[in-house]
Amino acid sequence: MSGYFDQTVWVLGAGQLGAMLSHAAYPLGVNVNPVDIDAQTLPQPGKNDIVTAEREQWPETPVTNILAAHQNFANKNFFATIADRFQQKSLLDKLSLATAPWQLVCDETNESQLHQKLGERVLLKRRMGGYDGRGQHWLKQAENSQIPNDWHNNAIAEKAIAFDEEISLIGVRDKNGQCYFYPLTLNLHQNGILTASVSPLERLNKYQPVAEKMLTTLMDAVEYVGVMAMECFRVGDDILINEIAPRVHNSGHWTQAGSNISQFESHIRCVTGLPMIQPSVRNKNFMINLIGCDLDARWLAVEGSELFWYQKEVRPGRKVGHINFSKTGEKNIRTALEQMEPLLPERYQETIAWLTKELLG
Ligand code: ADP
Ligand code: MG
């Protein structure tokens, strides 16, 4: 072994997040081993190895049974809480952290009660397993929409939030309980999927302290170690938590280009107990998610582009890669956006227009 220690970090799940954790750990001399939950060859973690996860929920398989039972599974007990929206919202309430008003959809819950309590538009969210806007169902009083049959006990109901914008905070907590934060990220979701992010933005600075305080409260309460992401709605000057991810997060991918320590490296440093320092962020950074598009070598010719292709089969609505940019100067930013636009499907015109407005507007 040529690293600091002979520990391997095993990642439960072998998607793009696991791949990017490996990629970030390599120059640190840390060995990371993402494992597909359905892998035929079973992992054999050593007693002193470390386990982390790239997903908050998993079915029981031979692989997940082995990894989840490991004594050094970072934040092990927290996953079950976060994976169930009912438990997640209950914890946020208990810690007096503001979220969208909500209630559990139980056997007796009916549509009119929900509208009475939560307003004309109510968003039902499956307790488990939803992602990228899947597992959601809108109840609109004007349309007399109904709670789907098997959603009783399996969903929560949230008030529709007329937010000004969606922002997120990527936080890091090390083994000594010290917290570190990246600047707030502004996010664009289209059809429930994150399409683009920007950070830092000067106008968001005033929300940074309150957001950091909220995430610190949560991370301290559960003695978290590693990277945690907090998705928020900004409503006027108020910040409401939308949801929490106990892992590296898509809205932090820009840190690969815009920070000396990416979110992936931060997570690896913390779970292994390596020294952590405050990440230093440079330039204006933006990320474009590649959703359902074919790989295109012309992206590589755009000045300053940093492509991450996930090597997944391309399907409509599926995240298959992202491109980061870390830039200074309006002219450089404009040039990159203008060069990117014709290289993406037509539906990205709205995305590029949003980035242009937020970065240059
Ligand atoms: P996931 O990201 O796991 O699919 P979210 O709870 O983050 O689930 O919801 C996805 C998107 O749906 C959010 O980013 C936001 O755009 C929208 N959304 C979620 N909750 C609400 C709400 N209470 N009111 C309005 N829009 C919402
Ligand atoms: Mg979300």
Side-chain angles (χ1 to χ4, degrees), residues 13 15-17 53-58 79 81-93 97-105 114-115 117-141 145 147 151 154-171 184-199 211 214-215 218 227-236 238-253 263 287 289 291-292 317-319 322 350-351 354 358:
Q16 65 264 23
L17 300 180
E54 62 152 27
R55 48 194 289 166
E56 46 270 54
Q57 204 201 335
W58 48 85
F79 287 96
T81 309
I82 285 299
D84 178 353
R85 286 187 194 271
F86 170 60
Q87 288 194 47
Q88 181 181 145
K89 296 280 280 192
S90 303
L91 175 64
L92 296 174
D93 282 358
L97 296 171
T99 70
W102 69 286
Q103 73 161 70
L104 181 65
V105 179
L114 288 180
H115 290 302
K117 183 169 169 198
L118 299 170
E120 281 172 54
R121 291 172 66 242
V122 173
L123 183 55
L124 303 184
K125 295 182 178 179
R126 300 283 300 183
R127 285 171 62 170
M128 313 283 284
Y131 70 100
D132 288 349
R134 293 166 215 210
Q136 293 191 351
H137 181 88
W138 278 101
L139 287 187
K140 295 177 186 158
Q141 196 162 24
S145 32
I147 304 173
W151 285 45
N154 291 321
I156 62 160
E158 276 186 7
K159 183 182 165 76
I161 304 297
F163 51 80
D164 291 295
E165 56 197 8
E166 295 192 72
I167 59 180
S168 59
L169 183 67
I170 307 294
L184 282 164
T185 303
L186 181 68
N187 298 312
L188 173 67
H189 291 88
Q190 293 173 289
N191 302 318
I193 309 185
L194 181 71
T195 339
S197 300
V198 177
S199 184
M214 291 166 94
L215 189 48
L218 176 56
V227 167
M228 188 187 285
M230 179 173 83
E231 292 182 22
C232 300
F233 300 130
R234 180 179 75 74
V235 190
D238 293 327
I239 303 292
L240 294 182
I241 299 178
N242 170 32
E243 63 167 347
I244 297 291
R247 53 171 169 78
V248 288
H249 191 258
N250 197 171
S251 71
H253 288 2
Q263 62 163 348
M287 183 225 54
N289 257 349
I291 300 164
R318 189 176 205 202
K319 291 175 183 169
H322 69 273
E350 207 183 318
T351 321
W354 180 85
E358 296 302 339

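We count residues from 1, following the sequence as given. When a ligand or atom number is given, it counts from 1 through the structure's own listing order. These numbers were taken from a predicted model, which means no experiment stands behind them.
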Need the atom name: nearest N/O/S atom of Glu243 to the Mg ion (ligand 2).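 Result: OE2.
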Please find the N/O/S atom of Glu231 nearest to the Mg ion (ligand 2) and write down its name.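 The closest N, O or S atom of Glu231 to the Mg ion (ligand 2) is OE1.
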Under 4.0 Å to a heavy atom of [X] - the qualifying atoms of ligand 1, by number:
X      : answer
Glu166 : 13 (C), 14 (O), 15 (C), 16 (O)
Asp132 : 1 (P), 4 (O)
Gly130 : 3 (O)
Lys159 : 22 (C), 23 (N), 24 (N)
Ala160 : 24 (N)
His189 : 14 (O)
Glu231 : 7 (O)

Relative to ligand 1, is Arg85 under 4.0 angstrom through side chain, backbone, both or neither, heavy atoms considered?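 Near ligand 1, Arg85 shows its side chain, while the N, CA, C and O stay back.
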Considering only protein heavy atoms, which is closest to [atom], and at what distance to one decimal place?
atom                    : result
atom 24 (N) of ligand 1 : Ile161 N, 2.9 Å
atom 11 (C) of ligand 1 : Gln136 NE2, 4.0 Å
atom 1 (P) of ligand 1  : Glu243 OE2, 3.3 Å
atom 19 (C) of ligand 1 : Lys125 NZ, 3.4 Å
atom 26 (N) of ligand 1 : Phe163 CE2, 3.6 Å

Backbone of Gly236 reached by a side-chain donor or acceptor of Asp164 within 3.5 Å: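 Side chain of Asp164 to backbone of Gly236: a pair is present.
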Can any side-chain N or O of Ser197 pair as donor or acceptor with the backbone N or O of Met287 at less than 3.5 Å?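 It does not hold such a pair.
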Nitrogen or oxygen of Gly133 less than 3.5 angstrom from that of ligand 1: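 Yes, since at least one N or O of Gly133 sits under 3.5 Å from an N or O of ligand 1.
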Describe, in one word, how the ring planes of Phe163 and Phe233 are oriented to each other, choosing from parallel (under 30°), tilted (30 to 60°) and perpendicular (over 60°).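 If you compare the ring of Phe163 with that of Phe233, the planes turn out parallel.
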Just checking, is any N or O donor in the side chain of His322 or Gln16 under 3.5 Å from an acceptor N or O on the other one?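 Note: His322 and Gln16 side chains miss the donor-acceptor criterion.
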Looking at every heavy atom in both His253 and Gln263, which two are closest together, and how far apart are they?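 Scanning both residues, the minimum pair turns out to be ND1-NE2, 3.1 Å.
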Kindly state if atom 17 (C) of ligand 1 has a protein heavy atom within a strict 4.0 Å cut-off, that is, under 4.0 Å?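 When distances to the protein are checked, atom 17 (C) of ligand 1 has no heavy atom within 4.0 Å.
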Nearest 0.5 Å, what's the [atom1]-[atom2] distance between [X] and [Y]?
X     : Y      : atom1 : atom2 : value
Thr99 : Leu92  : OG1   : CG    : 6.0 Å
Gln88 : Trp102 : CD    : CH2   : 10.0 Å
Lys89 : Leu104 : NZ    : CG    : 12.0 Å

Just one of His189, Lys319, Arg318 clears the side chain to side chain donor-acceptor pair (under 3.5 Å) bar with Asp132, so which one?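 Exactly one pass, corresponding to Lys319.
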